[in-house]
Amino acid sequence: MAETPMTRVLIFGGKTGWIGGLMADLVKKEDGIECFLAESRIENRADVEAELDKVKPSHVLMSAGITGRPNIDWCEDHKPETIRTNVIGTLNVADL
């Protein structure tokens, strides 16, 4: 299988996330690669699909998710929101 050249990268979680921000910094240093930071919320499948159709990335990097603020206890106390983002949202990105 031929390798697809990385020319347009869409990063989910790169706009506000620490790891995604680091990934964006690395991608932006590479010549010939356009880097886009996703605007859509990954739990909203229609918005993710529309953004993928708009950007038409050659590659998608995924680092979005809820980690809990102010700490991980938030995730325990807000299980539906955590599952909606960290599980369903991730599946949306992987599926589309």
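Atom set for the values below is all heavy atoms of this structure, side chains included, hydrogens, waters and symmetry mates excluded.
Residues E43 and I88 are not in side-chain contact: their nearest non-hydrogen atoms beyond the backbone lie 4.5 Å or more apart.
Partner of V60 under the side chain to side chain contact (heavy atoms under 4.5 Å, CB included) criterion, chosen from L96, V93, V48: V93.
In this view, D47 and N44 satisfy the side-chain hydrogen bond (donor to acceptor under 3.5 Å, both in side chains) rule, not counting sequence neighbours. Every residue meeting the salt bridge (Lys or Arg N to Asp or Glu O under 4.0 Å) condition with E39, not counting sequence neighbours, appears here in chain and number order: K15. With sequence neighbours excluded, the residues that form a side-chain contact (heavy atoms from CB on, under 4.5 Å) with C35 are I11, A24, V27, K28, L37. Listed by chain and number, the residues in a side-chain contact (heavy atoms from CB on, under 4.5 Å) with V55 are R8, L10, F36, E51, P57 (sequence neighbours excluded). H78 pairs by the ring-ring contact (aromatic ring centres under 6.0 Å, His included) definition with W74, not counting sequence neighbours. For T7, the side-chain contact (heavy atoms from CB on, under 4.5 Å) test picks out P5, S58, with sequence neighbours left out. Residues satisfying the salt bridge (Lys or Arg N to Asp or Glu O under 4.0 Å) test with R84, not counting sequence neighbours, are none.
The heavy-atom pair separating S63 from G20 by the smallest distance is OG-CA, 3.1 Å. Between T85 and R41, the shortest heavy-atom distance links the atoms OG1-NH2, 4.4 Å.
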For this session: Using the side-chain contact (heavy atoms from CB on, under 4.5 Å) rule, take C75 and T67 through it: C-alpha gap first, then chi angles, then the decisive distance, then the call.
Result: CA-CA 7 Å; C75 293; T67 58; 5.8 Å; no
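The list of salt bridge (Lys or Arg N to Asp or Glu O under 4.0 Å) pairs with a residue in residues 54-63, not counting sequence neighbours, is empty. Residue pairs meeting the side chain to side chain donor-acceptor pair (under 3.5 Å) criterion with at least one partner in residues 86-96, sequence neighbours excluded, are R45-N92, R45-D95. The salt bridge (Lys or Arg N to Asp or Glu O under 4.0 Å) pairs that include a residue from residues 71-83 are E76-K79, where partners are two or more places apart or lie in different chains.
If you take CD1 on I33 and CE on M6, they are separated by 5.5 Å, rounding to the nearest 0.5 Å. To the nearest 0.5 Å, atoms CG (L52) and CD (E49) are separated by 8.0 Å.
The hydrophobic cluster containing V87 also includes I83, L91, under a criterion of side-chain heavy atoms closer than 4.5 Å among ILVMFWY residues, counted directly or through chains of members.
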